[in-house]
Amino acid sequence: MKISGIETFCTEFVGFVRVTADDGATGWGQVSTYNADITSRIVHRQIAPWALGSDALDIAGLIDTIPRREHKFPGSYLCRALAGIDTALWDLRGKLEGKSVCELLGGTPRRLRVYASSMKRDITPADEALRFGRLADRYGYDAFKFRVGAECGGDVDEWPGRTEAIIPAMRKALGDGATLLVDANSGFSPHRAIEVGRLLAEHGVVHYEEPCPYWEIGQTKEVADTLAIDVGGGEQDALFPIWRQIIDTRAVDVIQPDVCYAGGLTRTLRIADMGARAGLPCMPHSANLSMVTLFTMHLLGAIPNPGRYLEFSIEGPDYYPWQDGLFRNWPYQVENGTVAIPSDPGWGVEIAPQWLEHASYQASRL
């Protein structure tokens, strides 16, 4: 069975990929969000020439071949584009075998505990606590992640004193029974990160994500070695040598690859396996409700070292207007703080025809 066609449907923010085999079988995947229109062009320029005519069922072989063929372009955009073809092929295979991707990987669809993930920094501690409380009442969330510092902020807070204010405010508002996580988004130097980390520990926060510039692996390791709470990271990292360095030096306590940034499910499974062999849990980054959260759900249902939670964005149309109308069957129903891995074949979701009609379209065929 050969790949005979690759189509992309995209906006600036999100891009879906449909792969067609020579017998007419199809599968849907997604390139990484953000600048998805640029990434979709890379699918046709640098992915399609190697994928067309290849064995549609030899996913791992193709995902190994393309980076070698495109060895002069080892960076983020190639991986973001590679994710589109990889995830579409997994969907195709699942539909052919009548199994969910989770089942293809040896897992069993089940419910996953989620943490309510805030993306906002321009929000006061009081307002953040208020919306967390409302979400807990409505959906049963008992784990929450909020933002500290400023994104790549160089020790400058979003506004003076916000970090010191929001940490105790979240604990006071949500109570001792709530699990709290934070994300610093590369905001701190090691000294400041450790200072904030001790405040986090004092208030029972259990997870401290990307405290230092992610590209400074040694800085993150210094923080992880000093603090008792879990330090996580890796969402931005796609290349295996970097992942080996992160894992071999134990620069983090929890690895957090992003399926779409890392180049798809196949490559993320390898990263998860590196972590498993080192005794590290894998709790991937999935910060919006495009297909990336769905990919992550299937992965967590199958790997031997899943983290304790699925990241689940709480942001709606005011923050992510492009999320609306993506799917015909919405796969993200939260009940009692959990979501269910779809059991239908493939990813278990259908892209909305109305959305596809208005997307920019390009096709590459044999």
Side-chain angles (χ1 to χ4, degrees), residues 115-130 132-133 136 141-237 245-247 249-256 275 278-283 285 287 307-309 311:
Y115 68 79
S117 187
S118 168
M119 304 298 147
K120 292 186 176 180
R121 278 188 168 81
D122 61 342
I123 187 169
T124 66
D127 286 343
E128 188 74 291
L130 183 63
F132 277 165
Y141 292 113
D142 61 2
F144 307 85
K145 187 173 82 175
F146 56 95
R147 307 279 159 161
V148 296
E151 189 172 17
C152 296
D155 288 343
V156 177
D157 213 339
E158 192 72 10
W159 61 78
R162 182 181 182 275
T163 291
E164 283 78 7
I166 197 169
I167 295 168
M170 292 301 103
R171 177 55 71 202
K172 181 179 179 180
L174 297 170
D176 291 339
T179 299
L180 299 183
L181 307 85
V182 303
D183 195 340
N185 293 111
S186 296
F188 301 132
S189 66
H191 175 79
R192 174 64 172 152
I194 291 167
E195 182 179 68
V196 171
R198 288 177 174 146
L199 182 62
L200 295 172
E202 179 183 337
H203 292 278
V205 177
V206 301
H207 178 91
Y208 190 10
E209 186 171 337
E210 208 174 88
C212 298
Y214 74 86
W215 56 92
E216 297 287 358
I217 297 170
Q219 292 187 14
T220 302
K221 176 175 168 53
E222 181 181 346
V223 177
D225 287 348
T226 302
L227 298 177
I229 67 174
D230 283 347
V231 171
E235 71 179 69
Q236 315 291 355
D237 297 299
Q245 182 183 357
I246 291 170
I247 291 169
T249 65
R250 301 191 77 85
V252 297
D253 305 298
V254 180
I255 60 171
Q256 298 190 262
L280 297 176
C282 179
M283 191 169 72
H285 175 259
R308 289 177 285 177
Y309 329 92
E311 179 174 22

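One is the number of the first residue; the rest follow in order along the sequence. All heavy atoms count here, side chains included; hydrogens, waters and symmetry mates do not.
Here the CE atom belonging to Met170 is positioned 12.5 Å from the CG atom belonging to Leu200, to the nearest 0.5 angstrom. A distance of 11.5 Å separates NE2 of His191 from OG1 of Thr226, quoted to the nearest 0.5 Å. Here the straight-line distance linking atom CD1 of Ile246 with atom CD1 of Ile255 works out to 9.0 Å at 0.5 Å rounding. In this structure, Asn185 CG and Gln236 CD are separated by 8.0 Å, a value rounded to the nearest 0.5 Å. Here the CZ-CG distance, from Arg308 to Leu181, works out to 7.5 Å after rounding to the nearest 0.5 Å. Remark: Arg198 CZ to Leu227 CG distance equals 6.5 Å, nearest 0.5 Å.
Ion pair Glu311/Lys145 flagged as a salt bridge, since at least one NZ, NE, NH1 or NH2 atom sits closer than 4.0 Å to an Asp/Glu carboxylate oxygen. Here Asp155 does not pair with Arg192 in a salt bridge; the nearest charged N to carboxylate O distance is not below 4.0 Å.
Of all heavy-atom pairs spanning Glu128 and Ser118, the tightest one is OE2-OG, 2.6 Å. Across every non-hydrogen atom of Ala251 and Ile217, the tightest pair is CB-CG2, 3.6 Å. Across every non-hydrogen atom of Ala224 and Asp253, the tightest pair is CB-OD2, 4.2 Å. Of all heavy-atom pairs between Ile229 and Ala201, the closest is CG2-CB, 3.8 Å. Of all non-hydrogen atoms in Ala136 and Tyr141, the two that sit nearest each other are CB-O, 3.6 Å. Closest approach of Phe144 to Tyr115, counting heavy atoms only: N-CB, 4.2 Å.
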Exercise for the section: Quick one: do Asp176 and Arg171 satisfy side-chain contact (heavy atoms from CB on, under 4.5 Å)? Show the steps, please. Expected result: CA-CA 7 Å; Asp176 291 339; Arg171 177 55 71 202; 3.8 Å; yes
Practice task
Evaluate the criterion side-chain contact (heavy atoms from CB on, under 4.5 Å) for residue pair Val182 and Glu209; output intermediate values, then yes/no.
Solution key: CA-CA 6 Å; Val182 303; Glu209 186 171 337; over 6 Å; no
Problem - Stepwise side-chain contact (heavy atoms from CB on, under 4.5 Å) test for Ile166 and Phe146 - result: CA-CA 9 Å; Ile166 197 169; Phe146 56 95; 3.8 Å; yes
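When atom types are taken as modelled, the side chain of Arg147 and the backbone of Ala184 share no donor-acceptor pair closer than 3.5 angstrom. Arg121 places no side-chain N or O within donor-acceptor distance of the main-chain N or O of Trp159, the cut-off being under 3.5 Å. With hydrogens and angles disregarded, no donor-acceptor distance shorter than 3.5 Å links the side chain of Arg162 to the backbone of Thr124.
Within the 4.5 Å cutoff, the side chain of Thr220 has no heavy atoms near those of the Glu222 side chain. With contacts defined as side-chain heavy-atom distances shorter than 4.5 Å, the pair Phe188/Val223 does not qualify. With a 4.5 Å cut-off on side-chain heavy atoms, Val196 and Pro211 do not count as touching. Taking the side chain as every heavy atom from C-beta outward, Leu174 and Phe132 approach each other to under 4.5 Å.
Take Asp142 and apply the side chain to side chain contact (heavy atoms under 4.5 Å, CB included) test, not counting sequence neighbours, and it matches Arg113. With sequence neighbours excluded, no residue forms a salt bridge (charged side-chain N to carboxylate O under 4.0 Å, His left out) with Glu216. Partners of Glu235 under the salt bridge (charged side-chain N to carboxylate O under 4.0 Å, His left out) rule, at least two apart in sequence or in another chain, do not exist in this structure. Partners of Ala169 according to the side chain to side chain contact (heavy atoms under 4.5 Å, CB included) rule, which considers only residues two or more places apart in sequence or in another chain, are Pro125. Applying the side chain to side chain contact (heavy atoms under 4.5 Å, CB included) test to Lys172 and every residue at least two apart in sequence or in another chain returns nothing. Under the side chain to side chain contact (heavy atoms under 4.5 Å, CB included) criterion, Leu199 pairs with Glu164, Ile167, Glu202, His203, sequence neighbours left out.
Between the side chains of His285 and Glu210, not a single donor N or O lies within less than 3.5 Å of an accepting N or O. Defined by atom type and a distance below 3.5 Å, a donor-acceptor pair is missing between the side-chain atoms of Ser189 and Gln219.
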